[in-house]
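Order of the sequence lines fixes the chain letters, A, B, ..., with proteins taken first and strands second; residue numbering starts at 1 for each chain.
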Amino acid sequence: MTSLQQDKQNDLLEDLKWRGLIAQTTDEAALAADLKQPITLYLGTDPTAPSIHVGNLVPLLVMRRFQLAGHNPILLVGGATGLVGDPSGRNDERSLNDETVVAQWVNRIKLQLSKFMDFETSNNPAVMANNLDWTAPMSTIEFLRDIGKHFSVNQMLNKDSVSSRLEKDGISYTEFSYQVLQSMDYLELFRRSNCTLQIGGSDQWGNITAGLDLIRRAEGGSAHALTVPLLTKADGTKFGKTAGGSVWLDPEMTSPYAFFQYWLNSDDADVIKFIKTFSFKSRSEIEELEKRHSENPGAREAHRELARELTSLVHSPEIAQRVEVAARALFGQADLAELDEATLASAIAELPRTTVSSQDELPTWVDLLAATGVVESKSAARRIVKESGAYLNNEKVPSEDFRLEKSHFLCGKYALLRKGKRDLAAVELIS
RNA sequence: GGCGGGUUGCCCGAGCGGCCAAUGGGAGGGGACUGUAAAUCCCCCGGCUCUGCCUUCGAAGGUUCAAAUCCUUCACCCGCCA
């Protein structure tokens with residue numbers, strides 16, 4: 001090993017700590033010692049939706065930091081556990097998803113996860129795994145004799161994810177068993193790949209340590225756990241959620257424009273924490289940004305950097321560039337009439353939009369806004385006008401029955417609808 | 001299997017025959033102030049062909065001039081007993 005690599009590995013835990021990315025670990029000194037050599041570690045993600053969201057990104061990027069430091073990452077997708085449902089962090093029973101649906105989600109999520117890790121490097125390429133591969137073939141008898149025998153129900157009941165549910169509406173046997181399945185994964189990867197570290201969100205602590213117990217009982221082996229804190233926001237609302245739901249990585253589910261805007265609109269009080277969590281900038285770069293941010297938060301330099309870096313990472317640098325230019329063009333400062341058609345077209349491409357035919361009588365502003373899907377109903381659109389939050393090409397819409405005219409279309413083609421300060425949509429006029 | 005309690009709008013939760021599109025809180029939305037922040041204050045928050053009309057209070061029937069509110073059946077959830 002080169003001395004450079006050695007430095008990197010020694011710095012890893014320190015760097016994670018500084019970034020606030022460690023909630024809990026098993027014996028930290030022992031972990032630090034083990035990390036002096038490349039180790040194999042894994043992160044599991046269950047397919048509970050067709051896409052992962054920004055919350056899933058937190059431990060995923062920690063995995064990336066481990067790979068950059070020379071360790072061997074295994075990304076596990078929960079083809080089996082996703083069929084069962086993790087009770088952790090939930091106060092009610094999940095509804096079961098259809099097997100074929102979960103299988104589709106597994107494939108989509110694999111694809112998404114793979115973007116964040118290097119599978120090609122000769123040193124320590126990332127590996128993908130699916131726990132369905134070893135869970136599905138196992139018989140009930142094997143499960144009960146070889147695995148179940150190592151679990152004490154008393155201990156299982158004491159896990160927070162179970163006990164909190166027992167105090168409320170109860171828990172099914174299915175979800176109660178979840179911790180056993182996840183433990184089997186860790187055991188399997190320990191045996192197969194000498195995987196000795198599992199990473200997860202802090203709600204996974206119970207499931208991970210259950211795995212450590214299983215490894216000890218079944219193999220007499222020892223391994224580590226490292227959890228990442230649940231990311232919180234200063235205003236107490238959930239990280240990664242907007243009015244419309246989660247912020248997804250799939251561009252069909254959350255447009256890159258909306259993705260960029262999510263970060264750009266971060267609370268001042270959160271932005272540095274987010275940068276530490278997600279950014280691959282160096283410590284000194286981040287400290288410099290933090291200084292500039294506290295001197296002049298209104299300039300939003302840190303916000304902008306965060307939005308750029310993450311949109312580049314998740315989508316692409318080209319897309320990041322495009323949505324930023326679009327936002328600049330559309331956000332008020334510039335006179336819309338002065339934008340050339342190409343700029344306008346590419347900016348509008350990022351927005352929710354609808355089309356109207358120039359043959360027909362042009363609809364009202366209310367009808368059009370509803371058609372773009374920015375509001376749920378025409379009543380909602382009317383309310384916006386009534387409350388004077390409605391704009392057409394940055395000019396206030398005067399009345400509920402305000403109808404568009406041909407002259408409103410910039411370059412003869414596009415009209416920009418706005419609801420409130422920052423919710424934009426577009427109308428395209430087609431012949 | 002028996003007995004009891006419950007199922008109300010995005011969430012929590014009042015209402016318990018007419019005054020109910022349904023109190024209150026949270027979330028969400030618009031405005032003012034700002035910086036496409038936060039906090040604060042004001043307003044809104046089922047739908048529509050919108051001074052009126054239509055559809056909602058687990059589902060389906062019924063009683064009544066009138067039901068979220070009463071009755072019947074069904075479904076699901078929770079508790080206690082077997």
Requested in this report: List in numerical order all residues of residues 285-300 of chain A for which some heavy atom is under 4.0 Å away from an atom belonging to RNA chain B.
Outcome: A:Pro297, A:Gly298, A:Arg300
Report task. Could you tell me which nucleotide pairs with B:rC74 by Watson-Crick or G-U wobble geometry, both distances under 3.5 Å, or answer none if nothing does? Result -> B:rG58
Query raised in the report: Does any nucleotide pair with B:rC48 by Watson-Crick or G-U wobble geometry, both distances under 3.5 Å, and what is it?
Result: B:rG52
Query raised in the report: Would one find a side-chain N or O of A:Lys421 under 4.0 angstrom from OP1 or OP2 of B:rU34?
Result: no
Query raised in the report: Is the distance from OP1 or OP2 of B:rG29 to the nearest side-chain N or O of A:Lys419 less than 4.0 Å?
Result: no
Requested in this report: Might you confirm whether atom CD of A:Glu287 has over 12 heavy atoms from other residues, nucleotides or ligands at distances under 6.0 Å?
Outcome: yes
Query - Mate of B:rU64 where both pairing distances stay under 3.5 Å, Watson-Crick or G-U - result: none
Requested in this report: Before accepting this row, confirm whether a basic side-chain N of the pair A:Arg322/A:Glu318 lies closer than 4.0 Å to the acidic partner's carboxylate O.
Outcome: no
Report summary line: Result for salt bridge (charged side-chain N to carboxylate O under 4.0 Å, His left out) between A:Arg292 and one of A:Glu295, A:Glu288, A:Glu290 points to A:Glu288
Report task. For the side chain of A:Ser388, starting at C-beta, report the closest nucleotide among B:rG29, B:rA37, B:rG31. Result -> B:rG31
Query - Watson-Crick or G-U wobble mate for B:rG17, both contacts under 3.5 Å - result: none
Query - Distance under 6.0 Å and angle within 45° of ring axis: A:Arg64 vs A:Phe280 - result: yes
Report summary line: As its Watson-Crick or G-U partner within any shown strand, both distances under 3.5 Å, B:rG79 has B:rC3
Requested in this report: In whole angstrom, give me the gap between the P atoms of B:rA37 and B:rG31.
Outcome: 10 Å
**Report entry** Near-ring test A:His408/A:Phe402, centroid separation under 6.0 angstrom
**Finding:** yes
Query raised in the report: Say you pick atom P in B:rG9 and the same atom in B:rG47; how far apart are they, in whole Å?
Result: 15 Å
Report task. Give a yes or no on whether the ring-centroid distance for A:Trp263 and A:Phe278 is below 6.0 angstrom. Result -> yes
Query - Length of the NE2-P vector between A:His303 and B:rU36, whole Å - result: 12 Å
Query - Name of the residue among A:Leu75, A:Ile199, A:Asp185 meeting side-chain contact (heavy atoms from CB on, under 4.5 Å) with A:Tyr42 - result: A:Asp185
Query raised in the report: Closer than 4.0 Å, any side-chain N/O of A:Ser377 to the OP1 or OP2 of B:rC48?
Result: yes
Query raised in the report: Considering heavy-atom distances to RNA chain B, does A:Ile171 or A:Glu324 have its closest nucleotide positioned more toward the 5' end?
Result: A:Glu324
Query raised in the report: Partner of B:rG24 by Watson-Crick or G-U wobble geometry, both contacts under 3.5 Å, or none?
Result: B:rC12
**Report entry** Distance between P atoms of B:rG58 and B:rG6 (Å, rounded)
**Finding:** 13 Å
Report summary line: Among the nucleotides B:rU49, B:rA39, B:rU36, whichever has the atom closest to the side chain of A:Gln261 is B:rU36
Requested in this report: Mind checking A:Lys386 for me? I need base, sugar-phosphate or nothing, with any heavy atom below 4.0 Å counting as a touch.
Outcome: nothing
Query raised in the report: From the list B:rU36, B:rU49, B:rA39, which nucleotide is the closest neighbour of the side chain of A:Asp235?
Result: B:rA39
Atom pairs under 3.5 Å: protein N/O with N/O of nucleotides 42-44 of chain B:
residue : atom : partner  : partner atom : Å
B:rC44  : O4'  : A:Glu387 : OE2          : 3.2
B:rC44  : O2'  : A:Glu387 : OE2          : 3.3

Requested in this report: Using the P atoms only, state how far B:rA39 lies from B:rA75, rounded to an integer number of Å.
Outcome: 48 Å
Query raised in the report: Between atom CD in A:Glu400 and atom P in B:rG47, what is the gap in whole Å?
Result: 13 Å
Query raised in the report: With a non-hydrogen cut-off below 4.0 angstrom, is A:Asn265 in contact with a base, only sugar-phosphate, or nothing?
Result: base
Query - Rounded P spacing from B:rU36 to B:rA27 in Å - result: 24 Å
**Report entry** Rounded distance in Å - NZ (A:Lys396) to C1' (B:rG31)
**Finding:** 8 Å
Query raised in the report: A:Ser379 near the nucleic acid: base, sugar-phosphate alone, or nothing, with a heavy-atom cut-off under 4.0 Å?
Result: base
Requested in this report: In whole angstrom, give the distance that lies between atom CG of A:Asn394 and atom P of B:rU36.
Outcome: 12 Å
Query raised in the report: Is the count of non-hydrogen atoms from other residues, nucleotides or ligands lying under 6.0 Å from A:Gln321 atom CD greater than 12?
Result: no
**Report entry** Separation of the P atoms in B:rC70 and B:rG17, to the nearest angstrom
**Finding:** 7 Å
Query raised in the report: Is there a donor on the side chain of A:Asp423 or the base of B:rG29 sitting less than 3.5 Å from an acceptor on the other?
Result: no
Query raised in the report: If you measure from the Lys or Arg side-chain nitrogens to the Asp or Glu carboxylate oxygens, is any gap between A:Lys378 and A:Glu400 under 4.0 Å?
Result: no
Requested in this report: Check the pair A:Asp86 / A:Asn207 against side chain to side chain contact (heavy atoms under 4.5 Å, CB included), numbers first and verdict last.
Outcome: CA-CA 9 Å; A:Asp86 186 357; A:Asn207 290 335; 3.4 Å; yes
**Report entry** A:Ile430 atom CD1, neighbour heavy-atom count above 12 within 6.0 Å
**Finding:** yes
Requested in this report: In whole angstrom, give me the gap between the P atoms of B:rU8 and B:rA59.
Outcome: 10 Å
Query - Distance in angstrom units between A:Leu369 CG and B:rG29 P, rounded - result: 14 Å
Query raised in the report: Taking the same atom, P, in B:rU73 and in B:rG4, what whole-Å distance lies between them?
Result: 13 Å
Query raised in the report: Does the pair A:Arg308/A:Glu305 count as a salt bridge with the N-to-O cut at 4.0 Å?
Result: yes
Query raised in the report: Is A:Arg422 near enough to B:rG35 that one of its side-chain N or O atoms lies under 4.0 angstrom from OP1 or OP2?
Result: no
Query raised in the report: Touch check for A:Leu264, heavy atoms < 4.0 angstrom, all strands: base, sugar-phosphate only, or nothing?
Result: base
